[in-house]
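Any value given below was found using the heavy atoms of this structure, including those in side chains, with hydrogens, waters and symmetry copies removed. Here the structure is a predicted model, which is why all the values come from computation and not from measurement. Letters A, B, ... mirror the listed sequences (proteins, then strands); counts begin at 1.
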Amino acid sequence: MEKIFTRTPTLTSSETHFCPGCTHGIAHRILAEAIDELGIADRTIGIPGVGCCVFLYYYIAIDTLEAPHGRAPACATGMKRAQPDKIIFNYQGDGDMAAIGTSEIIHAANRGENITVIFINNSVYGMTGGQMAPTTLLGQQTTTSPYGRNFQTEGYPIKMAEMLATLEGVAYSARVSLHKPKNVMQAKKAIIKAFEMQINQMGFSMVEILSTCNTNWRVSPIEALDVIENEMIPYFPLGVFKERTGKDFL
Amino acid sequence: MTEKKLTKGNIALAEGAIQAGCRFYFGYPITPQNDIPEYLAKNLPRVGGTFIPAESEIASINMVLGVGASGERAMTSSSGPGISLMQEGLSYMAGSEIPGLVVNIMRCGPGLGGISPTQGDYTQAVHGGGHGDYRNIVLAPASVQEMFDLTIRGFELADKYRMVSVILADAMVGQFQEPCRLTPDHPVTMPEKPWALKGRAGRKPQLLKSLYLGPGEQEAHNQDLQKKYREVERNEIMCEESLLNDADLMIVAFGTPSRIAKTAIRMAREKGMKVGLLRPITLYPFPSQQLHEHSERIRKILVVEMNTGQMLYDVKISAHKDADISFYGRPGGGVPFPNEVLDEIVKAMEK
Amino acid sequence: MYYDVIMTGFGGQGIQTISLIVALAAMEKNLAVTYLPSYGVEKRGGRTDVYVILSDEEIGSPITNRPKALLAMDVIGLVFYQDMLEPGSLLIANTSLIPESKIRVKEGVCVLKVKTNEEAIAMGNPKMANMITLGCFVSQLGFLDLNDLKAVIGQVIPERLKETIPGNIKAIERGLEIAGSMKM
């Protein structure tokens, strides 16, 4: 019988700590597959932020540095400057990147640091129990927006991929989703593209991934996929917001 | 004899960093330490180094963390408000055992305070700062030569123990000039760092982290750190003991007050008062044993600081139980003149 | 041997330059030296104050409030520091910018009043007032002379101003001459 699918070698066999139904595990899988397909696992160092993503090191068998909350882009800056021949990526959630770490992400991007950033947008603080994040949708109920997010008091959801695309130092900025197989395949392509930008020394690359948090959204895993389709994508459109074709920044 | 050059304290420190093999500097401007980044912005690129004017002190310390995790020598420098912002990163570096060098050219506070010389950050540097049960090695230069030499020492100790070394200096030590030998007094070495993250090629994947959630894991990690700190306390204490053999009064001071105390001690001895000086060069590890032994014989102690009494607590803990401890402190940028210290010597002697 | 001097004035008068020359000349004599420029908040806003201490032993304090000499290039500096002068110490006052009525030092302080700005203008370069003051000062020191200053002046004058060195030396000589001719 022909074997048509197997676990990519850099993905460990550990069971994930993610809630059943969460698409975060898919994000890890396609990230590991991208690393293996590019053949860069021996020289790649991952820097997860704080949140559900922190245990990256249990699931992806590469060197890993744990960064303080929101500071992964600064840690990655230091590490890439010290080891320009290595492939350095951050793995950050909405709280980590879009709230506490906005200063670090904007300036790393603006300097054109030759690093790759994976940004998981699930519109809540997942690990701490579903509090409101800067990416929480208008009207969305969370433990700290129990009456629904109101733009008059909490402002609007922040669009990181679009915002970072405006910065000159950014080589690649895209938003993808994990709610359908087709989207998963597109997400993996985007991750590969982002790493290629780094390999080709094009500058800062970022992939925003819309991911489910069925536990904190208080919906079933299937319903959560619909939430991405019907609620998140209308506000956070999928697409490539910036893609360099040459080293035009040099 | 090696040639000495009239050099500003901050410049000696910056040149010391280059001589120590530091090739990475990250920092955000703040007075009174701007000579350090300005010197390194000019001179690091000349030796193939990297200088980044970071967006904040928070970013600076995390860039140092990233280089340290890569196994290279990196530093940042700042003053009070900026050092406060770095405390998160310092705690993570302690927890993950990532070495680095942080310079605090102290300015007076609290708050924005002022830019005058002070020692108000002793407690923050030596006893606290960030969250969790950790220590930094703290070195206190009192001369331009020590700004150079202790910076090199700071990098070596940081690597040896996988800790952060802090150079804690007041603005006067940073700003004044003295003849200085600008070459290391010993060959600078860099230890092997098998723990550094350089990619998994040829070995198993490695991890640097400070999160320990399993039952008992964090406690065991803390105990391991404590073992390391005890070793630092056994091996790395540095202090200057001056004119203590016949002394009836021991002044304890570090940094600029120790310099002023030396002049006051000379004045006191001209008047027939036998006064000596114990100057901690390492504030952590603190020379408790040395201080205790001297205080068994010299019962009168005068602590002189440019703050309201921060090292004083370490002196009280260390000294013999019958020691008679006086304190003279000048906070908020006040710098005592030698005759003012002499007045305090007289008071302490007459007590 | 121990000697401490405070040099005070405002930015642009060349106080750092002459104090550096003194410090470097002393270093050439293997003396210990500390050089402390403007410290303290009250010295901001264009003030320049330098504390130079010279000794044949290790120097403790880099600051002093009992200097053996005060070089006051303007009235603000004079008024701030003159009470520190004890009998036997030296005041060199730039009376081009200091009204004589403001000079109120203790009895026994040796006072040298020199209109250095006018002297410098007479020499053709008003910027040389500092060097004239330096000449006056060195005339009062037993352990440094003109040759010691000449040996180090090249280290202090920036490359682009090298051609001014002979003029600067002439101004130092003029200072020595003025001080030598005065009854003190």
Side-chain angles (χ1 to χ4, degrees), chain A residues 9-10 12 17 35 39-51 53-88 90 100-111 113 115 127, chain B residues 22-26 28 44 48-76 85-93 95-96 98 100 130-131 195-213:
Chain A
T10 294
T12 69
H17 69 291
I35 289 170
I40 54 173
D42 278 358
R43 61 183 180 112
T44 297
I45 303 166
I47 309 181
V50 174
C53 62
V54 73
F55 294 120
L56 183 84
Y57 39 83
Y58 290 142
Y59 313 129
I60 300 187
I62 54 169
D63 275 13
T64 309
L65 171 67
E66 195 182 86
H69 200 29
R71 320 300 177 213
C75 298
T77 296
M79 189 162 261
K80 185 71 182 185
R81 297 297 185 108
Q83 306 185 76
D85 56 327
K86 302 291 159 54
I87 303 301
I88 311 290
N90 292 162
I100 200 166
T102 41
S103 172
E104 286 76 15
I105 192 68
I106 286 171
H107 289 281
N110 193 50
R111 280 191 303 270
E113 294 295 341
I115 59 173
M127 194 179 239
Chain B
C22 171
R23 291 294 176 270
F24 298 90
Y25 176 94
F26 312 103
Y28 187 93
L44 266 180
T50 297
F51 176 95
I52 298 182
E55 62 268 28
S56 70
E57 290 87 350
I58 297 174
S60 306
I61 190 67
N62 283 289
M63 291 175 189
V64 171
L65 187 156
V67 175
S70 302
E72 302 290 331
R73 285 183 171 160
M75 70 176 289
T76 182
L85 285 174
M86 290 181 195
Q87 296 304 324
E88 174 197 58
L90 290 172
S91 173
Y92 276 77
M93 288 175 80
S96 316
I98 294 171
H131 58 283
W195 49 266
L197 303 180
K198 292 173 180 289
R200 66 176 200 191
R203 58 159 171 75
K204 288 194 165 153
Q206 285 181 176
L207 166 65
L208 289 173
K209 66 161 185 170
S210 62
L211 178 69
Y212 294 90
L213 291 176

B/Arg203 versus chain A, the contacting section by heavy-atom distance below 4.5 Å: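 B/Arg203 touches chain A through side-chain heavy atoms alone.
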Side chain, backbone, both or neither of B/Lys204 within contact of chain A (heavy atoms, under 4.5 Å): backbone
Results of ring pair (Phe, Tyr, Trp, His ring centres under 6.0 Å) for B/Tyr28 - residues two or more places apart only: none
From [atom1] ([X]) to [atom2] ([Y]), nearest 0.5 Å:
X: A/Met79; Y: B/Phe24; atom1: CE; atom2: CZ; answer: 11.0 Å
X: B/Thr50; Y: A/Lys80; atom1: OG1; atom2: NZ; answer: 13.0 Å
X: A/Cys75; Y: B/Leu208; atom1: SG; atom2: CG; answer: 11.0 Å
X: B/Leu207; Y: A/Tyr58; atom1: CG; atom2: OH; answer: 7.5 Å
X: B/Gln206; Y: A/Thr64; atom1: CD; atom2: OG1; answer: 10.5 Å

Minimum heavy-atom distance between A/Asp63 and B/Leu197, given as atom pair plus value: OD2-CA, 3.5 Å
For B/Lys209 against A/Glu66, the heavy-atom pair lying closest together: CB-OE2, 3.1 Å
N/O donor-acceptor pair under 3.5 Å between B/Glu88 side chain and A/Pro68 backbone: no
Output side-chain donor-acceptor pairs under 3.5 Å for residues 59-75 of chain B, partner residues at least two apart or in another chain, one line each.
unit_1  : atom_1 : unit_2   : atom_2 : d
B/Ser60 : OG     : B/Ser56  : O      : 2.8
B/Asn62 : ND2    : B/Ile58  : O      : 2.8
B/Ser70 : OG     : A/Gln83  : NE2    : 2.9
B/Ser70 : OG     : B/Gly66  : O      : 2.9
B/Arg73 : NE     : B/Asp159 : OD2    : 2.7
B/Arg73 : NH1    : B/Ala20  : O      : 2.8
B/Arg73 : NH2    : B/Asp159 : OD2    : 3.0
B/Arg73 : NH2    : B/Thr189 : O      : 3.0

Side chain, backbone, both or neither of A/Ala41 within contact of chain B (heavy atoms, under 4.5 Å):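 For A/Ala41, backbone and side chain are both near chain B.
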A/Ile45, part contacting chain B, at a heavy-atom distance under 4.5 Å: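 It is the side chain, since no backbone atom gets that close.
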Proximity of residues 100-107 of chain A to chain B, residues having a non-hydrogen atom under 4.5 angstrom: A/Ser103, A/Glu104, A/His107
Residues forming a salt bridge (charged side-chain N to carboxylate O under 4.0 Å, His left out) with A/Glu113, sequence neighbours excluded: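 Partners of A/Glu113 by the salt bridge (charged side-chain N to carboxylate O under 4.0 Å, His left out) criterion, ordered by chain and then number, come out as A/Arg81, A/Arg111.
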Option that, when pairs with chain B are counted at under 4.5 Å, heavy atom only, ranks first among A/His69, A/Arg71, A/Arg43, A/Lys86: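 Max contact count across the listed options: A/Arg71.
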